[in-house]
Amino acid sequence: MLERFMKHIDTSLSFLKGKRLLLACSGGVDSVVLAHLCAGTGLDITLAHCNFGLRGAESDGDETLVRNLATTLGVEVVVESFNTMEEVKRKKGSLQMVARELRYQWFNKLMDAQGFAYVLTAHHADDNLETFLINLSRGTGMDGLSGIPEQNNRVIRPLLGFSQEDISEFAKSEGIQWREDSSNAESKYLRNKIRHEIVPKLKELHPTFLENFQRTQAHLQQTNKLVHKYIQEIRAHLFVDDGNATKINIVELKKHHPLEPIVYGLFQEYGFTAWEDINQLLEAMSGKEVFSKTHRLLKDRTHLILSRLENNDDEMFLIHENDMKMEIPVRLTLQNVKNVEKSERNVVFLDKEKLNFPLVLRNWEKGDYFYPFGMKGKKKLSKFFKDEKVDVISKKRQWLLCSDHEIVWVVGRRPDERFKVDGTTHNILKITLIA
């Protein structure tokens, strides 16, 4: 196995040579064998062990074994202990997901602080099969069926081409010591149930079942690459940058077939999962929205508008009388001038004596109204936005300049008639919005 491993490093992962590598080592047979193989190949590894404190003396025994392994191999070791159950209570997540998050947060912190190039994990071919079956049972797309990638950014999995049997036989033949995690035998976890009850029956169907599965999954991975390339070409054609949002022409989108998987491919990376809602959005009335945890997708007449969610509700920013500029939330410059120049959307001239400082910059709210410059009477901002064909995303980002509770300027769009410069004005304030 060592020769196969060395050949794999030479042919597929040669970039690991000469790099400082962090090796995730639990003390189980998979990660202990990976440590022996990496040391035998001459890779520069440091063992990283997480003590989650979930099994009392067993957890401490795992830590001791990893420390002794580092001594045996002549490599460095780093250990971190976690109050895992407290984190589970705080985050209200599953034990497995919280532990995984804690582990990778620590790995990333170590890599950034100490200059490790990659973290190596001991996932193998049987893990890939189990993951495939888990995803299949839950319902998944091509990504879920394509399996665990050998490289995912800074995470490398050098054992994916090796089976659990390969690893166990190598450990026994080399007299390698490891620890068994007693929780791995429990059937309450879906992965364990698949590992102990389903995978053995599948392997009974054909003596080379795992090898056949690996070839099939390799074909799926290649097909998935083609799909991703096709989706990227469509995205490059349809997605048009529009400042803080992205616009997608609905008519052009609907020319592509089959439409549903293309929509899935275009928007899955933005966290959307309600695919039926997104497909219905194409035929919905303007103003209809669908949300993921990070993004909003809005139907606006002829386009879908994709934008990142921002949490700027109820924010207010003050402008004092002697302030000459503002950088947040928008860039403004303020000048005392003698004359009114040509009017532009990004420039407003105000009668300074009509203003009560400090002025306030805030987001628009339902029920807001103002007296549009050049018009008689007041107008609700919602009606103004509709007449100006302002989409929902832009409305949510719209800033208002206010004096006391009165709107002075719908920033970048229209000033208020009540604060205009007239024949009685002595002090003129020029405010410019810097794009």
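A quick note: this is a predicted structure, and the numbers were derived from the prediction, not measured.
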Check this for me: Lys395, atom NZ, are more than 12 non-hydrogen atoms of other residues, nucleotides or ligands nearer than 6.0 Å? yes
Separation between NE2 of His124 and CD of Gln164, rounded to the nearest 0.5 Å: 4.0 Å
Which heavy atom of Ile407 sits nearest to which heavy atom of Tyr369, and what is that distance? CD1-O, 3.4 Å
Take a 6.0 Å sphere around NZ of Lys109 and say whether it holds more than 12 heavy atoms from other residues, nucleotides or ligands. no
Determine whether a donor-acceptor pair (N or O, by modelled atom type, separation under 3.5 Å) exists between the side chain of Glu417 and the backbone of Gly374. yes
Test of ring centre spacing under 6.0 Å for Phe239 and Phe267: yes
Lys19 side-chain N/O to Ala117 backbone N/O, donor-acceptor pair under 3.5 Å: no
For Leu65 against Val32, the heavy-atom pair lying closest together: CD2-CG2, 4.0 Å
Search all heavy atoms of Asn135 against all heavy atoms of Gly144 and return the closest pair with its distance. ND2-O, 2.9 Å
Contacts of type salt bridge (Lys or Arg N to Asp or Glu O under 4.0 Å), residue Asp368, not counting sequence neighbours: Arg362
So Glu341 and Val347, side chain to side chain contact (heavy atoms under 4.5 Å, CB included) or not? Walk me through it. CA-CA 9 Å; Glu341 303 165 5; Val347 179; 6.0 Å; no
Okay, side chain of Arg179, backbone of Glu58: is any donor-acceptor separation there less than 3.5 Å? yes
Smallest separation among heavy atoms of Leu190 and Ser137, with atom names: CD2-OG, 4.3 Å
Within the side chain of Gln217, is there an N or O that forms a donor-acceptor pair under 3.5 Å with the backbone of Leu145? yes
Between His49 and Ser59, what is the shortest heavy-atom contact and its length? NE2-O, 4.5 Å
What donor-acceptor contacts under 3.5 angstrom involve side-chain atoms of residues 317-328, with partners at least two apart or in another chain?
unit_1: Asp323; atom_1: OD2; unit_2: His320; atom_2: N; d: 2.7
unit_1: Glu327; atom_1: OE1; unit_2: Arg331; atom_2: NE; d: 3.4

Going through the checks in order, is the side chain to side chain contact (heavy atoms under 4.5 Å, CB included) test met by Ile194 and Val199? CA-CA 6 Å; Ile194 288 173; Val199 170; 3.9 Å; yes
Would you confirm whether Asp416, through its side chain, and Tyr371, through its main-chain N or O, come within 3.5 Å as a donor-acceptor pair? yes
Residue pair Asn51 / Asp62, side-chain donor-acceptor N/O under 3.5 Å: no
Would you say Arg100 has more than 12 foreign heavy atoms packed within less than 6.0 Å of its CZ? no
Interatomic spacing from CG in Leu266 to CG in Leu259 - rounded to 0.5 Å: 9.0 Å
Within 6.0 angstrom of Glu260 CD, more than 12 heavy atoms from elsewhere: no
Short question: side chain of Asn108, backbone of Tyr104 - any donor-acceptor pair under 3.5 Å? yes
To the nearest 0.5 Å, tell me how far Leu120 CG sits from Ser31 OG. 11.5 Å
If you compare all heavy atoms of Phe5 against all heavy atoms of Thr41, which two are closest, and at what distance to 0.1 Å? CD2-OG1, 3.3 Å
Please determine, by modelled atom types, if Asp143 and Ser146 share a side-chain donor-acceptor pair under 3.5 angstrom. no
Quick one: does any side-chain atom of Asn152 pair with a main-chain N or O of Val155 as donor and acceptor, under 3.5 Å? no
What pairs meet the salt bridge (Lys or Arg N to Asp or Glu O under 4.0 Å) rule with one or both residues in residues 229-240, with sequence neighbours excluded? Arg235-Glu269
With a 3.5 Å distance limit and no angle check, can you tell me whether Asp387 reaches the backbone of Phe384 through a side-chain donor-acceptor pair? no
Mark yes or no for whether Ser307, through its side chain, and Ala245, through its backbone, hold a donor-acceptor pair below 3.5 Å. no
Can you confirm whether the side chains of Arg413 and Gln398 place a donor and an acceptor under 3.5 Å from each other? yes
I'd like to know if the side chain of Asn427 pairs up with that of Asn336 as donor and acceptor (distance under 3.5 Å, no hydrogens or angles considered). no
Tell me if a side-chain donor or acceptor on Arg157 pairs with a main-chain N or O of Pro149 at a distance below 3.5 Å. yes
Which residue, Leu401, Val411, Thr333, forms the side-chain contact (heavy atoms from CB on, under 4.5 Å) with Leu433? Val411
Inter-residue atom distance Asp242.CG - Asp391.CG, 0.5 Å rounding: 7.5 Å
Look at atom NZ of Lys7 and say whether more than 12 heavy atoms of other residues, nucleotides or ligands are closer to it than 6.0 Å. no
Does CD belonging to Gln114 count more than 12 external heavy atoms closer than 6.0 Å? yes
Using the rule given for side chain to side chain contact (heavy atoms under 4.5 Å, CB included), can you reason through Asp277 versus Gln280, listing the C-alpha separation, both sets of side-chain angles and the distance that settles it, and then say yes or no? CA-CA 5 Å; Asp277 290 346; Gln280 290 176 356; 4.1 Å; yes
